[in-house]
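Proteins get letters first, then strands, A, B, ... in listed order; numbering begins at 1 in each.
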Protein chains: 2
Amino acid sequence: MSEFPSTTAAAGPIPTKDVRPAREPVTTDEVDRRILTVLARDARTPNNAVAAEVGVAPSTCLARMRALRDSGVIRGYHADLDPAALGRPLQALVSVRLSSGARGRLRSFTDRIRARPEVRSVYFLAGGDDFLLDVTAVDVADLRDFVVEELSAYPEVASTETNLVFEHVRGTAAGL
Amino acid sequence: MSEFPSTTAAAGPIPTKDVRPAREPVTTDEVDRRILTVLARDARTPNNAVAAEVGVAPSTCLARMRALRDSGVIRGYHADLDPAALGRPLQALVSVRLSSGARGRLRSFTDRIRARPEVRSVYFLAGGDDFLLDVTAVDVADLRDFVVEELSAYPEVASTETNLVFEHVRGTAAGL
DNA sequence: CCTGAAAACATCGATAG
DNA sequence: CTATCGATGTTTTCAGG
């Protein structure tokens, strides 16, 4: 089994049937893309509203949405929560480098890490660092605790580097 | 006016009414958090089902969801698309450093950048680099084109550093 | 791909704890 | 603040053309 089974994956207990990780492109037409654009902008847009916006019948739109979901083009639908509004006003990017002997346990290590409430997402990297964590924190002490006690405490971790995030904005095109 | 008006922001033409950026925490109780957990996992869960899952009446659930949306705790709902399935199998993180004189034009520069289809998100950083781009590409040539022609071509850009992303996974807790 | 009809759901106001 | 009820319009869903 590969160390990196897919280019990307969705979160936690997914509302998923049997979505394949999609190593190869799925054929999509203009209608599909317009559906995706609408759902990327507002995932709670009712099916019939999506249909009206892209100019197809609701039944057709529904079938397409399901196909896109089942084929893995749509990985899931997620509410975008504001960490600051939830009492986590600090955001940071933490680069982590593992000791060379620990690379084999990378997966189990990151599985533990990504379940933590601080962690928004994990990037597995090809470069000098092994991975990058997008994290939020209640305050600097909380951030320090996470880095020092949750990361650096493990012998697998060779080094970390923390960069504060002033602001994080989504791309406008959202993957299209 | 501040250079960084909010800690985070949502994408493009948002389906938003007047959601404030939420600099301060919003008071939420256990019911709210459970609603948020459900919606973070599957944003298309019907109000009915959310209500049943968290154990409140649908009317109550609906009112809370709206309050959470209006107070800015929920920034939006987005379909999570798989770039690989859409013909963009390459993902990378590009760190960008601007020339010191160009920092004042940072906002207009990044506004142009983030509208590009390659850009999934933009992190404004406090450290040595000015910002970090999460980008996808069709192939290496496409990636190179973006970095060389879209970034390095501008005099504002002092330097860039590109790191390939093997895999990107969402945190399990999704912001709670 | 569409239409159409039945079932499920969202939404509101009134009422009450 | 929360829950329940009932009425009304909308949305989803599926059978079939």
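Side-chain atoms of A/R64 never come within 3.5 Å of backbone atoms of A/I35 as a donor-acceptor pair (strictly under, hydrogens ignored).
Put simply, B/S59 has no side-chain N or O that comes within less than 4.0 Å of OP1 or OP2 on D/dA3. Taking 4.0 angstrom as the limit, B/R66 places a side-chain polar atom (N or O) nearer than this to OP1 or OP2 of C/dC12. Here B/R44 reaches the OP1 or OP2 of D/dT12: one of its side-chain N or O atoms lies under 4.0 Å away. For the OP1/OP2 pair of D/dT11 and a distance below 4.0 Å, the side-chain nitrogens and oxygens of A/N48 include at least one atom meeting the criterion.
Closest to the side chain of B/P46, out of D/dT4, D/dT12, C/dA10, is C/dA10. Comparing D/dT4, C/dC2, D/dT13 against the side chain of A/L62 picks out D/dT13 as the nearest.
Whole-Å rounding puts the A/N47 CG to D/dT13 P distance at 7 Å. A straight line from CD of B/E30 to C1' of D/dC1 spans 17 Å, rounded to a whole angstrom.
With hydrogens and angles left out, the side-chain atoms of B/T28 and B/R33 include a donor and acceptor closer than 3.5 Å. Side chains of B/Y123 and A/D134: a donor-acceptor N/O pair is present below 3.5 angstrom, by distance only.
Relative to the six-membered ring of B/F109, B/R114 misses at least one condition, a distance below 6.0 Å or an angle of at most 45° to the axis.
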